[in-house]
Every structure is written in structure tokens, then in C-alpha cells.
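These notes are about the structure you will find just below.
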Amino acid sequence: MALSDLRKLTTFKAYSSEDVFDVFAQQTDYRGMISRQGFYSAICNFLSPTEGKLQEYMFEFAKYLSTTLFNSYISAESEDEELVDFSEICSGLSVLCGGSRDDKARAAFSLFDVNGTSTISLFDLSVYLTSVFRLLFWLRPAVQRQNRITAEELGVKTSREAFEEIGLADDDGLTFEQFKNWYEESGVEGEDGEEEEVEEVMPGEESPKTLIKVMSWKEIRELTKIKDYDISDMIDIFVSNVYSTGLVDVATLYRFFVNLNRGVGFQDADGSSNLHEKLKIFSRSFIEIFDDVSYEKGAKSARGRSVKFTDVVCALIVLCGGEKTAKMGHAFNIYDHDEDGYLSKAQITSLMKSIFVLQKFMDPSKMDDPEEVARATANEAWEQCNLNEAGEISLDVFIKWYSTPDDEEDDEEEEEQEEQEEDEDDEEDGYADEEEEEREEEKRYELSVKDKLEATKVLLGLGSVTVDDLLEILSESAPDGSLGKPSFLKCLQNIAALGGAPGYGTNFDMAMEVGKKIFDSFDAAGTGRVDFAELTSGLSVLCNSTAKEKIITTFTIHDGDGDGCLSLEETTHFVTSVLKVLYECADLESAFGISPYELAAITTQQCFEEVQLVDGLISIGELLNYFSPLLGGEV
């Protein structure tokens, strides 16, 4: 589960730290301790009012938190495993709350400034950080295992480093101003919408910049698919994804790259979730490198840190295919706001800076200061073109100056390098004989079940949402637990929009047709309404979640009595929902020769027999072991 998911599910992001602390304080005893039941009651106070199965699901989620998250705050020295410290649990929960950074810092500081001295000790800071790391390690246990360090050890280490950076001795007190400044610089907690910053401070993980540094120009062009687009088309698509503010943030750039991939029918050998993660990392790194060098450093849109549209699109133009002079012509026009065919020296400096920032991003060793190199380049252009300081340069003169013999040689070398890389790829692949080529051609058109599911996932945009997102979207349109076809199709439109897909065109029409077929497969009685829980279960197989996450969510909404187990009938119902979608998307009936109902009955019966159930009920753990391959997309 991501930090953003936990913020959304608990609804803490809608409340200030003080409001959240007040609710938990009401469940605290005279010793400053909170019981497990008190923790559960406090969580329930924040759950959105819902009805039916979704309400049951939310309360099950609260129970889950009061078991697993609560347990992570029970120390080894604790005498009572049903009690945790109020200050510690609230310190961890503070990273989920809304509000400004200053407000969060003050609320966290006040938890430990119990004497009102306006200072906290080294021990207090280590307890606070330990509490934060406990929540982060609970969310991402693999990070803790990888680093072989406990939350307590990391809390002590980080607090000592903080005191050393500030210049304090171990027995000195840390003032609020010192704490606030360190809090802002450390990235322990970002403002709303900046959960990426929290993730970046997790130890043991490569930063996005490190991950991207090992990628070549060719690899980046292949990842983003920008090489497959004409410059004008690329710019049009990019403009359609940018908000009226003229600023580009991580989410906007990510959505743009997803749309580029969709436009060419992307295929990722590692699975679409891996491709989406690569695009997110690249988008974040791309924005950061501009923000770090930049312009209006720290600029923010309503969605987070961002940079100017012109700076980003100019760099994207360089990544496109084509001749350098054509690229520079498009870049020139991007900065020519009044469309008079001329740019000032300052504008040329900004244009060249965008290009040099991108070059620094690709190879930092070749570029010390992009801004300084850009100014020197603009000065050289003005000098060689005999322009005065206040003069402007026309597009023709700029292109003529830019198209030096050296640049032409660079173009030829780049083309030769690309041809050489293509030849090497051909040699590695080898040449199949004529008969083998015909067989391979046939295989391309006969998509496997996995390919068909992937194609449907992309078409419907479900690769951009988790199963919990899907549950929330469908449940909001089904207040009585059932969903009509128009409402369902509207939900699919909203999901597609989240992924950046336009609400028109051939792909949109195809997506709506697939949605109608899926709905009809659940509406066997022809009533025009279906259970939203069944649709969630079925469509979960196409969501961007792990098999475990899919099973846990769908298990919970089918566990009507909340006893943590499913009967044979309930499990068959659950499996049938999944198979209906698989059948519709991959045409399995022609392959198996039986209906999804029959296959679900056979599969479930086989499951119950192989698991050797004693009481005729299957638990979540048993179901996970048996059905993970199915929900993972391997049929």
C-alpha cells in the first residue's frame, strides 16, 4: 500500500494534525496510552459515511489497521501488548494528515514539548523519527529487510545526524525554529500531493535520478515512445495535457508519456505496471532536474512542484526524431510568444538552457552549469551575427547560425550510430528462414490470453488505478449497491480520464463497447443493473495492483458476515466474477468450451478439495495461496 492510498483510505489528508491528535487524545488514558480498541474507535471516527458492503469493507479496514499498524508500535519492552504510547502513534500518523508543513511541524513538536519550554531533547527527536519510520516500514517492509535496520536504530541514527548538522551537543535542546528548518529540509513530510518526497527518503532505495542516469538516449526515447511521433503531433498532445497555468508537474508529464505509449499500442515485456512505474520515475526525475537547475526554483502548481511549459516542451523536442535544424525551428517558435519571427537574447538563452539542462540530465560530467553555458552560447550567436545587445534574432538567421559544419557532422555521426545499433540488433536476433517468418507473422496476430488482457487494460485505462481506487469509483455511483449501465460507462470514462485518455476518438468508442459487453455479461437477467461488488471483483484482474492486493479487496467485499472466511458458495461467486471479465476480454469460452459459471464451479470445488478444508470455509491466507496466479493475470 502506498502512503497516498493510506492517506485517502483513512481520510486523514482532509484533517489537520491537531484535529487528528484531538480524536486520538479522547481515547487516551491517564498514563498517555491508547488501547487497541481505542485506536480502532478513533480510526472509525474518520471513515466516510457509507452504506452496504462498502461500509463493511471500511470497518474491516479499520480492524486491519488496529491489528497490523497498531502492532508495529508495540515495543519489545512493553508490558502490555494492547497499549501504545499516544505521542508515538500520533507522530507516525502525522505524516498522513493535511495542512501546511509549518502546521505539521508545530503539531509534531508539541507532542514532545510537554513542559512548554519550546525545546525538545535528542531523545525526543529520536522517538519522533522512530515513530515515523515505523509507519513507513509498515507500509514498505521490503525496505527494512533490505537495509537490515530497525525503525528504532534508524530513528537514533537520523536524530544524531540532525543534531550534528545543526551544531548541537547531545544534551542541548532543539528549538522549534531549528526543528522546523530541519523538518522542511529533510523531506520527512511533504505538503499535500507530495508523497513522492517521503518515499525518496526511504533508505536502501535508489533515487529516481540514479535509476535514470544509466539510461541512454535510445532507451529514453524507447521508454517514452517520443521517437514515434512527429514533432508537431507531439507538441499538440503535450499541449492537450497541460493545464491553463502554463506549468508542468510530475503528474502532467507522466500522463503525457502514458498517452504517447497508448498512441502506439505499447507493449512492455515486464508487464504494464512495470512500464507505468518506469514512466513515473522518469517523469519525476525530468521535473526535478529542471527544478534543481532552474528558473523559478520551487515553483508549485496546485498539484505539486512544477516547471514552465516552454522549458519542458523545448527539451522534449530534442528527444524527438528528425534533423537538428527542424527541432531548433520548433523550439524557436515555442519561445516566440508574439509570433513575430524574432527572439531576444534572453529568450535564446532560455531556449539553449533547456537543451543544456537535458544534456546535463543525461551526462552530468559534460555539463557543469547549463545556465552559464547557455549565456555563453547566446553571446556567441549575437557576436557572430553582428547583433547589438538589445537586438533580436530572426528564425532564419538563428537556424543559419545554428547549422554549422560541426552540427552537420554531429547529425551524420548520430545517424550512423543509430544505423549501427539497428544492424547490431538485427545480427543478435538473427534471420529466420521463410517458413519460420510466416509462423512468426501468424503468432503476432494470434494474441495470447495475457496479451489480450493487457490490451483491454490499456484500452479501459485500468492500468492507471488500483483495485481500491476502482472500488471507490464504482461505489460512489452505487449508493444502493447496484449500478446501471450508463453509470458504469461514466465510471469507465472517469477512469480513462485519470490515466489521461481523451473522452473521444476510436479508442474511446472501443473502450465503451468493451464496457457494455462486460456489463452485459454480469446482467444475465437483463434488469439493467448489476452488483458493484461483482464488477469490482471481475475488473480487479485488470487493475494496477498486486495479486495479493486484488484478493484481499475482493475477498473483503464478498465476506458478507465479516468472519474472515468464505463459504464454497461465496468463493464460487467471487471466482465467477473474475472469470466473466476474463472470458469477455480473452474469448476463453471458445478455448475451454464451457461457460464461466461452469469453470468457476469446477475451479472452486477443486480448490476446496486440494486445500483440505475441515469446516468448509476458506480463509484469506488459503485463498491467497491458491488464487494468486489467477489474479496475477496468468491463466
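In this structure, L168 and Q178 have side chains that are in contact, with non-hydrogen atoms separated by less than 4.5 Å. Inter-residue side-chain proximity for S94 and K104 is flagged as unmet; no heavy-atom pair is nearer than 4.5 Å. Put simply, the side chain of I552 does not reach to within 4.5 Å of the side chain of Y64, judged on heavy atoms. Taking 4.5 Å as the limit, some side-chain heavy atom of K580 sits within range of a side-chain heavy atom of Y597. Under the 4.5 Å side-chain criterion, counting only non-hydrogen atoms from C-beta, F163 is in contact with L174. F176 has its side chain within reach of R106: a pair of non-hydrogen atoms, C-beta onward, lies under 4.5 Å apart. Put simply, the side chain of L460 reaches to within 4.5 Å of the side chain of I518, judged on heavy atoms. Two residues are said to be in side-chain contact when any heavy atoms from C-beta on lie closer than 4.5 Å; F257 and S283 meet this criterion.
Rounded to the nearest 0.5 angstrom, F137 CZ and I149 CD1 are separated by 6.5 Å. To the nearest 0.5 Å, atom CE of residue M33 and atom CG of residue D85 are 5.5 Å apart. Here the CG-CZ distance, from L535 to F519, works out to 7.0 Å after rounding to the nearest 0.5 Å. Taking CD1 from I89 and CD from Q27, the interatomic distance works out to 13.0 Å, rounded to the nearest 0.5 Å. Note that OH of Y128 and CG of L125 are 8.5 Å apart. Values are rounded to the nearest 0.5 Å. One distance of note links OG1 of T28 with CD1 of I34; it measures 4.0 Å at 0.5 Å rounding.
The neighbour count for E18 CD, taken as heavy atoms of other residues, nucleotides or ligands under 6.0 Å away, does not exceed 12. For K490, the NZ atom sits in a loose shell: 12 or fewer heavy atoms of surrounding residues, nucleotides or ligands are nearer than 6.0 Å. Enclosure of atom CZ in R529 by more than 12 non-hydrogen atoms of other residues, nucleotides or ligands within 6.0 angstrom is indicated. At most 12 heavy atoms of other shown residues, nucleotides or ligands fall within 6.0 angstrom of atom CD in E569.
Side-chain atoms of R36 do not come within 3.5 Å of backbone N or O of E82 as any donor-acceptor pair. In this structure, the side chain of S545 engages the main chain of V467 through a donor-acceptor pair within 3.5 Å. Checked by atom type and distance alone, the side chain of S159 pairs as donor or acceptor with a backbone atom of V156 at under 3.5 Å. No donor-acceptor pair under 3.5 Å is formed between the side chain of T603 and the backbone N or O of A600.
Between F555 and S619, the shortest heavy-atom contact is CE1-C, 4.0 Å. Nearest heavy-atom pair across I551 and T554 is O-OG1, 3.2 Å. Contact detail for F39 and S66: the closest heavy-atom pair is CD2-CA, 3.6 Å. Of all non-hydrogen atoms in S16 and C97, the two that sit nearest each other are C-CB, 4.2 Å. Contact between F24 and C90 at its shortest, heavy atoms only, is CB-SG, 4.0 Å. The two residues I74 and L83 come nearest to each other via the heavy atoms CG1-O, 4.4 Å.
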When you look at N71 and T68, which way does the side chain to side chain contact (heavy atoms under 4.5 Å, CB included) test go after all the steps?
CA-CA 5 Å; N71 287 347; T68 57; 5.7 Å; no

For a salt bridge (Lys or Arg N to Asp or Glu O under 4.0 Å) check, start with the C-alpha distance between R160 and E164, then their side-chain angles and the critical distance, and finish with the verdict.
CA-CA 6 Å; R160 286 193 178 280; E164 289 175 4; over 6 Å; no

Could you walk me through whether T553 and T556 pass the side chain to side chain contact (heavy atoms under 4.5 Å, CB included) check?
CA-CA 5 Å; T553 298; T556 304; 5.9 Å; no

With side chain to side chain contact (heavy atoms under 4.5 Å, CB included) as the criterion, how do F532 and I557 come out once you've worked through the C-alpha distance, each side chain's angles and the decisive distance to 0.1 Å?
CA-CA 10 Å; F532 90 91; I557 60 180; 5.9 Å; no

Residue pair S87, V127: steps toward the side chain to side chain contact (heavy atoms under 4.5 Å, CB included) verdict
CA-CA 9 Å; S87 297; V127 172; over 6 Å; no

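Classified by interplanar angle (parallel below 30°, tilted 30° to 60°, perpendicular above 60°), the ring pair F86/F21 is perpendicular. Using cut-offs of 30° and 60° on the angle between ring planes, the pair H573 and H558 is perpendicular.
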